[in-house]
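Here the structure comes first, spelled out in structure tokens, and everything after it is commentary.
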Protein chains: 2
Amino acid sequence: MRPPLPLRDAAERSDAARNRERLLSAARELIGECGAAGLTMDRLAEQAGVGKGTVFRRFGSRAGLMLTLLSDSEAAFQERFMFGPPPLGPGAPGLERLIAFGEERIAYIIEFGELALAAEDATHGRSQPPAAALWHRHIEVLLREEGFDADPWLMARSLAATLAPDRLLNLLQVHGVSAGRLGATWRDLVTRVVSGA
Amino acid sequence: MRPPLPLRDAAERSDAARNRERLLSAARELIGECGAAGLTMDRLAEQAGVGKGTVFRRFGSRAGLMLTLLSDSEAAFQERFMFGPPPLGPGAPGLERLIAFGEERIAYIIEFGELALAAEDATHGRSQPPAAALWHRHIEVLLREEGFDADPWLMARSLAATLAPDRLLNLLQVHGVSAGRLGATWRDLVTRVVSGA
DNA sequence: AATAGAAACGGACCATAGTCCGTTTAGATC
DNA sequence: GATCTAAACGGACTATGGTCCGTTTCTATT
């Protein structure tokens, strides 16, 4: 007796690991050729030489795949604003950190925006990237630090809405707005919100 | 000779008009039953007793249909903030009009948000409702009126991002935020932005 | 090595938005 | 009323994200 009693965190099966690698590298290749928007799950499965079911078992959805592809750069971004050097990381005044956060986010979107956008429409706007909760919290904490007392939770989300990938990409690509101009308006916005406190 | 030379703005053919009415009333009925999110173009065609091609010929896309369904209430909303009584319409100071605008918009989303949301993802976030340009412009003008000189165009869009249907609906429905709280944060936001000028 | 059962696999299948094109029809002209 | 043409029609077809479930494969256990 003693049925295997699945140990938590059992190691990934070797075929699963191999297929995951195949899928990720095929995805990067396809995105290199056609852009993130041009990647279809069928083509990905074909390119990786696995069945379509395997793709979805692995990543859950198209958005999940994109999230996986982003996870490294996301983690690095989080690391920087949570533990990195000032003014983005701890050590600088809240307002400066807020300003730096927006500027970094804008730079991030310029680099990874297409992926970030594709990672968002998990069934159309539902469930944002899990990382979003962190940004919100981060902004909220900085607002509080600057003495913003009136509903910092909601104000943090309002400010974060300003940095959403779809909006930023639209401004950058469709309207030809420069990163500098986006950064300046962000700085202006958070400065006024904080200084009015 | 003299080939018909299609007069501009030729009257709509009677069968076309009849089918448009059928489609709109079928759409309202289906939305009443299943909600806007539950309306599919196939079911709409079936319910209206027309072919699917007719549906798309008429409205162009699902988003186009939703836009058509919204057009009356949109027009009324525009009318109110452009020509209606203060504080929403002209006659009140810019800041008060801004505050009223946000509050009206929040109320609008509470009433028509589901439709507005469905009207947005025309091929995922591209081309916002044409009305958006008007709101942006409106906010921009009010900002200028209050002496906001640094990039009012972009700041107007940043503020408008705060009122996007998907965000407001998410806060209202998922997070249980009240309309009053949304309104208060909007008021706070625009007040600080304007008063820093 | 044999075995068993959990995990992974694959691809047919489904739902839905949107396109295409051969057919029908309104309505203007003669 | 017959005719003609542009507009409208309809529904089969495509593309794509996502699901289902019978089959295969890995690996721990004996």
Side-chain angles (χ1 to χ4, degrees), chain A residues 1-23 26-27 30 34-67 118-127, chain B residues 1-23 26-27 30 34-67 118-127:
Chain A
M1 38 174 48
R2 192 158 67 85
L5 193 4
L7 270 301
R8 71 170 42 257
D9 222 357
E12 187 180 36
R13 251 171 62 167
S14 62
D15 52 347
R18 188 199 58 212
N19 281 338
R20 196 188 51 222
E21 288 317 307
R22 276 191 195 168
L23 282 166
L30 286 177
C34 323
L39 180 148
T40 75
M41 300 306 263
D42 283 303
R43 276 191 24 95
L44 173 59
E46 183 190 17
Q47 175 91 11
V50 305
K52 193 177 180 178
T54 301
V55 182
F56 281 90
R57 146 175 297 266
R58 196 62 50 200
F59 302 109
S61 69
R62 190 170 188 279
L65 166 69
M66 300 300 182
L67 234 32
E120 259 193 358
D121 39 43
T123 63
H124 114 307
R126 253 331 128 265
S127 76
Chain B
M1 42 170 45
R2 192 159 64 84
L5 193 4
L7 272 300
R8 72 171 42 256
D9 222 358
E12 186 179 37
R13 246 171 66 168
S14 63
D15 51 348
R18 189 199 56 211
N19 281 337
R20 195 187 54 222
E21 288 316 308
R22 276 191 195 169
L23 281 166
L30 285 176
C34 324
L39 180 149
T40 75
M41 301 304 262
D42 284 301
R43 276 191 23 97
L44 173 58
E46 183 190 15
Q47 176 90 10
V50 306
K52 193 175 182 179
T54 302
V55 183
F56 281 89
R57 147 175 297 265
R58 198 59 55 199
F59 302 108
S61 68
R62 190 171 187 279
L65 165 68
M66 300 300 180
L67 234 30
E120 259 191 359
D121 39 42
T123 64
H124 113 309
R126 256 326 131 266
S127 78

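Below, chains carry the letters A, B, ... as their sequence lines are ordered, and counting in each starts from 1.
Comparing D:dG17, C:dC9, D:dC9 against the side chain of B:R58 picks out D:dC9 as the nearest. Of the listed nucleotides (D:dC26, C:dA17, C:dA26), D:dC26 has the atom at the smallest distance from the side chain of A:D15.
B:L67 is linked by a side-chain contact (heavy atoms from CB on, under 4.5 Å) to B:A119, B:P129, B:P130, counting only residues two or more places apart in sequence or in another chain. A:R62 is linked by a salt bridge (charged side-chain N to carboxylate O under 4.0 Å, His left out) to nothing, counting only residues two or more places apart in sequence or in another chain. Remark: B:R18 pairs with B:D15, B:R22 by the side-chain contact (heavy atoms from CB on, under 4.5 Å) rule, at least two apart or across chains.
Within the 4.5 Å cutoff, side-chain heavy atoms of B:M41 are placed close to those of B:L65.
Using a 4.0 Å heavy-atom distance criterion, A:L65 is classed as making no nucleic acid contact. At a threshold of 4.0 angstrom between heavy atoms, the contacts of B:R57 include nucleobase atoms, whether or not backbone atoms are also involved.
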Quick test: give all pairs of protein nitrogen or oxygen and nucleotides 22-24 of chain C nitrogen or oxygen below 3.5 Å, distance rounded to 0.1 Å.
none

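In this structure, A:R58 CZ and A:T54 OG1 are separated by 7.5 Å, a value rounded to the nearest 0.5 Å. Atoms CG and CZ, from B:N19 and B:R57 in turn, are 11.0 Å apart once rounded to the nearest 0.5 Å.
More than 12 heavy atoms of other residues, nucleotides or ligands sit less than 6.0 Å from atom CZ of A:R20. Atom CD of B:Q47 has more than 12 neighbouring heavy atoms from other residues, nucleotides or ligands inside a 6.0 Å radius.
Distance CZ (A:F59) to P (C:dA8): 13 Å, rounded to an integer number of Å. For the pair A:N19 CG and D:dT24 P, the computed distance is 17 Å after rounding to whole Å.
For the pair B:A36 and B:M66, the tightest heavy-atom approach, listed with the atom from each and the gap, is O-CE, 3.7 Å. Contact record, A:L23 with A:A48: CD2-CB, 3.5 Å, taken as the closest heavy-atom pair. Between A:V55 and A:A45, the shortest heavy-atom distance links the atoms CG2-CB, 3.7 Å.
If B:T40 and B:R18 are placed on DNA chain C by their nearest nucleotide, the residue sitting closer to the 5' end is B:T40.
Between the axis at the start and the axis at the end of the helix from C:dA1-D:dT30 to C:dC30-D:dG1 there is an angle of 10°, using five pairs per end and rounding to 10 degrees.
Listed pair B:S14 / C:dG27 meets the phosphate criterion, a side-chain N or O lying under 4.0 Å from OP1 or OP2.
For DNA chain D, the residues of residues 42-56 of chain A within the heavy-atom distance limit of 4.0 Å (strictly under) are A:K52, A:F56, sorted by number.
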